[in-house]
Enquirer: 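First the structure, then my questions, so here it is.
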2 protein chains.
Amino acid sequence: MDSQLFQEIEMLHQRICQALGDPKRLMILYLLNQRPRNVGELALELETPQPTISHHLKILRERSLVKMRKEGTIAYYTLADVRVIEALDLLRSILRDSIAVQAQLAEFSALKAEQNDTE
Amino acid sequence: MDSQLFQEIEMLHQRICQALGDPKRLMILYLLNQRPRNVGELALELETPQPTISHHLKILRERSLVKMRKEGTIAYYTLADVRVIEALDLLRSILRDSIAVQAQLAEFSALKAEQNDTE
DNA sequence: TATAAATATTTACAGAGGTTAATGTAATGG
DNA sequence: CCATTACATTAACCTCTGTAAATATTTATA
């Protein structure tokens with residue numbers, strides 16, 4: 001029963017989640033969500049050496065998260081599936097809420113410390 | 001402009017996406033989505049030493065992806081936000097589609113090879 | 001053909017992070 | 001008070017992986 005789930009999650013990790021585990025690759029995906037770009041543009045915008053960008057793009061390509069089309073010597077990269085951004089936006093909403101909660105907790109602690117001071 | 005996006009994605013990576021980059025942690029999240037469990041249960045079901053599970057739970061706790069409540073010596077862990085699973089399911093749907101496409105490509109290649117053989 | 005531009009690949013290196021064993025801590029029962 | 005159970009922490013080891021430099025490949029152009 002569960003070995004089915006195990007296998008699927010193993011693939012989910014190897015093919016997608018691991019690819020999302022790097023900040024540069026997240027940035028690449030968000031930039032490609034705005035519009036297609038070539039390798040040089042990405043290298044400039046992320047202030048990162050071109051071979052590094054190519055390396056990350058290779059990983060994203062192998063996992064079918066981006067698509068490439070070549071025109072002459074220029075390689076244009078596109079987002080393969082918008083649902084990646086949808087998923088990342090979902091995770092960002094979780095992030096915002098958890099930050100908000102932590103801010104509230106900090107405020108509460110500060111208030112409590114203030115009360116203890118006046119006692 | 002973009003430095004705003006850069007910062008937010010940096011946080012998204014440090015707090016959430018990096019946490020999803022390990023298969024054991026993905027499994028823990030999916031198991032907790034079924035029902036709350038304690039550390040021992042997770043260690044048994046994932047066939048993993050207890051300190052390893054504790055380590056992963058610490059990471060998930062620090063990033064507000066799971067919640068803990070203690071009853072005596074037993075620590076019960078719960079999913080903090082169901083949207084994590086929603087996001088992961090979205091990614092799984094991408095995975096399924098990309099696998100389907102690859103299967104079609106493989107079939108197409110096989111067909112083509114067969115045609116070349118008969119020529 | 002020679003040169004330049006754009007991208008990919010290879011190699012080596014360094015750092016981050018997962019695993020394990022040993023140890024520490026806290027709560028429960030005898 | 002001691003032993004046990006359940007979990008957390010620490011430290012050492014090791015693998016994985018991101019980075020950068022050098023090189024290779026491909027295409028266009030003179």
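Naming convention: chains lettered A, B, ... in sequence-line order (proteins, then strands); numbering from 1 in each chain.
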Enquirer: Does the side chain of L32(A) come within less than 4.5 Å of T78(A)'s, by heavy atoms?
Expert: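 Result no, sub-4.5 Å side-chain heavy-atom pair not found.
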Enquirer: Under 4.0 Å, heavy atoms only, any strand: does E41(A) hit a base, just the sugar-phosphate, or nothing?
Expert: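 Touches nothing.
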Enquirer: Taking any heavy-atom pair under 4.0 Å as a contact, classify I59(B): base, sugar-phosphate, or nothing.
Expert: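 The residue I59(B) makes sugar-phosphate contact but no base contact.
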Enquirer: Can you identify which nucleotide, out of dG17(C), dT19(C), dA8(C), has its nearest atom closest to the Q18(B) side chain?
Expert: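 When the side chain of Q18(B) is considered, dG17(C) is the closest of dG17(C), dT19(C), dA8(C).
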Enquirer: Of the nucleotides dT19(D), dA8(D), dA6(D), which one has an atom closest to the side chain of H55(A)?
Expert: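 Of the candidates, dT19(D) comes closest.
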Enquirer: Any base atoms under 4.0 Å from H56(B), or only sugar-phosphate, or nothing? Heavy atoms, all strands.
Expert: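 Counting heavy atoms under 4.0 Å across all strands, the contact made by H56(B) is with sugar-phosphate only.
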Enquirer: Between R25(B) and K58(A), which residue's closest nucleotide on DNA chain C lies nearer the 5′ terminus?
Expert: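 The answer here is K58(A).
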Enquirer: Is P49(B) touching bases, backbone alone, or none of the nucleic acid, heavy atoms closer than 4.0 Å?
Expert: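 It contacts sugar-phosphate atoms only.
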Enquirer: With the side chain counted from C-beta on, respond yes when R25(B) and Q18(B) share a heavy-atom pair under 4.5 Å apart, and no when they do not.
Expert: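 R25(B) vs Q18(B): side chains apart.
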Enquirer: Could you tell me if the side chain of L65(B) sits less than 4.5 Å from the side chain of D81(B), heavy atoms only?
Expert: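 Contact flag for D81(B)/L65(B) side chains = no.
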Enquirer: Starting at CD1 of I53(A) and ending at P of dA21(D), how long is that distance when rounded to a whole Å?
Expert: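 Nearest whole value for this atom pair: 14 Å.
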Enquirer: With respect to the side chain of K24(B), which nucleotide from dA8(C), dT19(C), dT5(D) is positioned closest?
Expert: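 The answer is dT19(C), which lies nearest to the side chain.
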Enquirer: In whole angstrom, what separates L42(B)'s CG from dA6(D)'s C1'?
Expert: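 Rounding to the nearest Å, CG of L42(B) and C1' of dA6(D) are 13 Å apart.
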Enquirer: Could you tell me the separation between the CG atom of L57(A) and the C1' atom of dT7(C), rounded to a whole number of Å?
Expert: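 L57(A) atom CG is separated from dT7(C) atom C1' by 10 Å.
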Enquirer: Once you round it to whole Å, what is the distance between P of dG18(D) and CG of L20(A)?
Expert: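 Spelled out: CG on L20(A) to P on dG18(D) is 12 Å.
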Enquirer: So if I take every side-chain heavy atom of R61(A) and compare against dA6(C), dA8(C), dA6(D), which nucleotide ends up nearest?
Expert: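 Nucleotide nearest to R61(A)'s side chain: dA8(C).
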Enquirer: Sub-3.5 Å donor-acceptor pair from the side chain of Q14(A) to the main-chain atoms of M11(A), do we have one?
Expert: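 Absent.
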Enquirer: Could you say whether T48(A) or Y76(B) is positioned toward the 5' end of DNA chain D, judged by the nucleotide with the nearest heavy atom to each?
Expert: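 The residue mapped nearer the 5' terminus is Y76(B).
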Enquirer: Considering only dA8(C), dA20(D), dC7(D), which nucleotide approaches the side chain of S54(A) most closely?
Expert: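 Nearest to the side-chain atoms of S54(A), counting from C-beta on, is dA8(C).
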Enquirer: Among the candidates dA22(C), dT19(D), dG17(C), find the nucleotide nearest to the side-chain atoms of P51(B).
Expert: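 Among dA22(C), dT19(D), dG17(C), the one nearest the side chain of P51(B) is dA22(C).
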Enquirer: What is the distance from CG of L60(A) to P of dT7(C), rounded to the nearest Å?
Expert: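 Going from L60(A) (CG) to dT7(C) (P), I get 16 Å.
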Enquirer: Want to settle it: does T52(A) or K70(A) sit nearer the 5' end of DNA chain D, counting the closest nucleotide to each?
Expert: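 Comparing both residues, the 5'-ward one is T52(A).
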Enquirer: Would you tell me if any nitrogen or oxygen in the side chain of T73(B) comes within less than 4.0 Å of OP1 or OP2 on dA6(D)?
Expert: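 For T73(B), the contact criterion (side-chain N or O under 4.0 Å from OP1 or OP2 of dA6(D)) is not met.
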Enquirer: Is there a donor and acceptor pair closer than 3.5 Å between the side chain of Q50(B) and the base of dA6(D)?
Expert: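 Side chain to base: no pair present.
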Enquirer: Categorize Y77(B) for me: base, sugar-phosphate, or nothing, with a 4.0 angstrom heavy-atom threshold over every strand shown.
Expert: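 Answer is sugar-phosphate: Y77(B) comes under 4.0 Å of backbone atoms only.
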Enquirer: I need the minimum non-hydrogen distance between E45(B) and F6(A), along with the two atoms involved.
Expert: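 Closest heavy-atom pair between E45(B) and F6(A): O-CZ, 3.7 Å.
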Enquirer: Please report, rounded to the nearest Å, how far the C1' atom of dA27(C) is from the CZ atom of R69(B).
Expert: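 The answer, rounded to whole Å, is 17 Å.
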Enquirer: Measure CZ/R37(B) against P/dC7(D) and give the value in whole Å, please.
Expert: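 These atoms are roughly 14 Å apart.
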Enquirer: Measure across A19(B) and I59(B) and return the closest heavy-atom pair with its distance rounded to 0.1 Å.
Expert: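 Smallest interatomic distance, heavy atoms only, reads CB-CG2, 4.4 Å.
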Enquirer: Which whole-number value in Å describes the distance from D22(B) CG to dA16(C) C1'?
Expert: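 Between C1' of dA16(C) and CG of D22(B): 13 Å.
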